[in-house]
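Reviewing the structure listed below.
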Protein chains: 2
Amino acid sequence: MARALSTCNGRANLFGSSTSNLLSPSSVCYRPLVVRMSREQPYWANIEADVETHLKEAIPIRHPVSVFEPMHHLAFAAPRTTAPALCIAACELVGGHRSQAMAAASAIQLMHAAASAHEQLPLTDRTRPKTKPATERKFGPNIELLTGDGIVPFGFELLADSLYSAQNNPDRVLRVMTEIARATGSQGVVDGQFREFIISQSDEEGAVDASSIEYVSRKKEGELHACAAACGAILGGGSEAEIEKLRSYGLYAGTIQGMLYGIGRNQKGVREMVENLRALALKEVESFKNREIEAISSLVEPELSFV
Amino acid sequence: MARALSTCNGRANLFGSSTSNLLSPSSVCYRPLVVRMSREQPYWANIEADVETHLKEAIPIRHPVSVFEPMHHLAFAAPRTTAPALCIAACELVGGHRSQAMAAASAIQLMHAAASAHEQLPLTDRTRPKTKPATERKFGPNIELLTGDGIVPFGFELLADSLYSAQNNPDRVLRVMTEIARATGSQGVVDGQFREFIISQSDEEGAVDASSIEYVSRKKEGELHACAAACGAILGGGSEAEIEKLRSYGLYAGTIQGMLYGIGRNQKGVREMVENLRALALKEVESFKNREIEAISSLVEPELSFV
């Protein structure tokens, strides 16, 4: 297992730097942020429904309608991500109540939706996404730009308000805000998008270095899931050790999702690498002795991941 | 005075709905977010220098350099706004220490910088800004889009961290986050940008209704300043009455800035309307008996405003 993994900032890295596994760039550029989840999993489906209900209530179509109608639409039109559900699952695993993590899960969904909307914008210095957009383009680019801009602060507003609505501890809420800001900002998702853009511009016709692909996947999906799991554990009152284990689990689980549904899904060696990550992920949660880890573990189960 | 003012949501509205004062649309579309401040005012210059120093330390050019270099650049390249300085001034007026409001002032500057960067993006469904951009375009549109996306969460991160760096009260920090999220999001600045876009699309060649212009000014500059002043007062430990008075002061002061440096500066009647707003603004702060109100009042002084 260690053979296929190198480390980056102490975290497992899917590809060794000497790997010769190169992926074609055409499958890399501007792919939509990952996502898929088996509807057959009642536990996950139930969480997803709860998050959706919460968000629909949080974003009513109100005045100004010209602003809130596209906001409502874009919040739900983004490609599905498992990160918000993982946030709830982590909260429950450490003994917290679902309501404690609901605002954080909703905020993560909103950040994902905003990033997704901006990823599709046609700008003069980049080409239109080569992959078919996963999101129906109901509004024009300017509306999607502004709506994305409005969604992000709204996510933080929801979180700040959870201090009252869910009687969350203010220190925990502020810690979660920092987590989400870092994961979705310049050191997280935005960094991944940035690298993806550079790859697309600099190496349009050539082979893309696999380590770059792994970097993009980890930044865009891995760290979002890592943040989601850590936030759930923080809000649920988990210990520092539990928070860090769940953060690592999220990193592996998210990167798996990135590898399977984003780029190079059918590339040689990907399945093996995913298996390695899966083993690492399961090792993180199996230490939760005497807890029901079946539900959260199912996120990396083969039948779920390889749909 | 009441003659020229109608109210909107309980707030003074610069234009009565029956006004016949119409402004040409060419001076409206995509104007940069307001800003100008007299360098001759030592109090404001001193605050500005402090905020700039704080931000420069908060955004070092670090790894990944490709992300942080444009972030550093765009944070300072935006047209100047008086909102961050007003945040500090409000904090000091209610007896707080400058350091308590420094993170909030910095966050407001960052939100302004991000909105400003996104306002200049060339999109396929809108024309390039007609006014000469106040910001030097050092980077391509994609970089500016992503950098703006990274700046916003970073602003919230700075705020969340002020819990520790400035020993701020967590309840106050969360309240300030909600204030900033609302003022800069879909019900504030983004709403103003949205309305501005609609005006530019629907009435390109015709006269623009003055009430729309006032709406845009109030949303884009008025509410940002209102939020800034309220946040400063919250963090400085002001009473609810003081917070609301300073919020109103900020709304008037910001709208004045919007009227003078954005649109219709030379239009007939604007100067008179600004005078009315100035009187309202001064009335809000004169009730701070036994406090030194000269400094904060100077923000709406004629020699400062009419530079």
Side-chain angles (χ1 to χ4, degrees), chain A residues 59 63-64 66-68 71 111 114-115 118 121-126 140-164 169-171 173-191 193-195 197-198 201, chain B residues 59 63-64 66-68 71 111 114-115 118 121-126 140-164 169-171 173-191 193-195 197-198 201:
Chain A
I59 318 178
H63 176 79
S66 59
V67 174
F68 280 97
M71 189 161 158
M111 303 303 165
H118 281 188
L121 292 178
L123 290 167
T124 50
D125 68 340
R126 67 182 190 187
N142 185 64
I143 303 297
E144 298 208 344
L145 169 71
L146 290 178
T147 306
D149 284 349
I151 283 177
V152 172
F154 183 70
F156 284 104
E157 186 181 337
L158 269 189
L159 260 174
D161 287 348
S162 74
L163 182 66
Y164 311 104
N169 171 308
D171 291 297
V173 172
L174 283 166
R175 186 172 169 191
V176 160
M177 283 183 155
T178 304
E179 292 276 352
I180 293 179
R182 283 189 188 147
T184 59
S186 298
Q187 292 173 280
V189 171
V190 171
D191 184 18
Q193 292 176 309
F194 215 99
R195 179 72 72 98
F197 171 70
I198 290 168
Q201 300 299 301
Chain B
I59 319 177
H63 176 81
S66 59
V67 174
F68 279 97
M71 188 160 159
M111 304 303 167
H118 281 188
L121 292 178
L123 290 166
T124 51
D125 68 342
R126 67 180 190 189
N142 185 65
I143 303 298
E144 298 208 344
L145 169 69
L146 291 177
T147 305
D149 284 349
I151 283 178
V152 172
F154 183 69
F156 285 104
E157 187 182 336
L158 269 189
L159 261 174
D161 287 348
S162 74
L163 183 65
Y164 311 104
N169 172 308
D171 291 296
V173 172
L174 283 166
R175 185 171 170 193
V176 161
M177 282 183 156
T178 304
E179 292 275 353
I180 293 178
R182 283 190 188 147
T184 59
S186 298
Q187 293 172 280
V189 171
V190 172
D191 184 18
Q193 292 176 309
F194 215 100
R195 179 71 75 96
F197 172 70
I198 290 168
Q201 299 299 301

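The sequence lines fix the lettering, A, B, ..., with proteins before strands; numbering per chain opens at 1.
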Could you measure the distance from the CG atom of Leu145(B) to the CZ atom of Phe194(A)? Nearest 0.5 Å is fine. 10.5 Å

For chain B, find which of Ala183(A), Gly185(A), Pro170(A) contributes the most heavy-atom pairs closer than 4.5 angstrom. Pro170(A)

Nearest 0.5 Å, please: how far is CD in Glu157(B) from CD in Glu179(A)? 9.5 Å

Minimum heavy-atom distance between Leu174(B) and Ala160(A), given as atom pair plus value: O-CB, 3.6 Å

Counting heavy-atom pairs closer than 4.5 Å to chain B, which one of Asp149(A), Ile143(A), Ile180(A) comes out on top? Asp149(A)

Please state whether the rings of His118(A) and His118(B) are parallel, tilted or perpendicular, taking 30° and 60° as the class boundaries. perpendicular

Which atom pair, heavy atoms only, marks the closest approach of Ala181(A) to Pro153(B)? CB-O, 3.2 Å

With side-chain contact (heavy atoms from CB on, under 4.5 Å) as the criterion, how do Phe154(A) and Gln187(B) come out once you've worked through the C-alpha distance, each side chain's angles and the decisive distance to 0.1 Å? CA-CA 10 Å; Phe154(A) 183 70; Gln187(B) 293 172 280; 5.9 Å; no

Look up atom CG in Leu121(A) and atom CG in Asn142(B), then write down how far apart they are to the nearest 0.5 Å. 9.5 Å

Distance from Ser186(A) atom OG to Ile151(B) atom CD1, nearest 0.5 Å? 7.5 Å

Decide salt bridge (Lys or Arg N to Asp or Glu O under 4.0 Å) for Arg182(A) and Asp161(B); before the verdict, give the C-alpha distance in whole Å, the side-chain angles of both, and the deciding distance to 0.1 Å. CA-CA 12 Å; Arg182(A) 283 189 188 147; Asp161(B) 287 348; 3.7 Å; yes

At what distance, to the nearest 0.5 angstrom, does CZ of Phe156(B) lie from OG1 of Thr184(A)? 10.5 Å

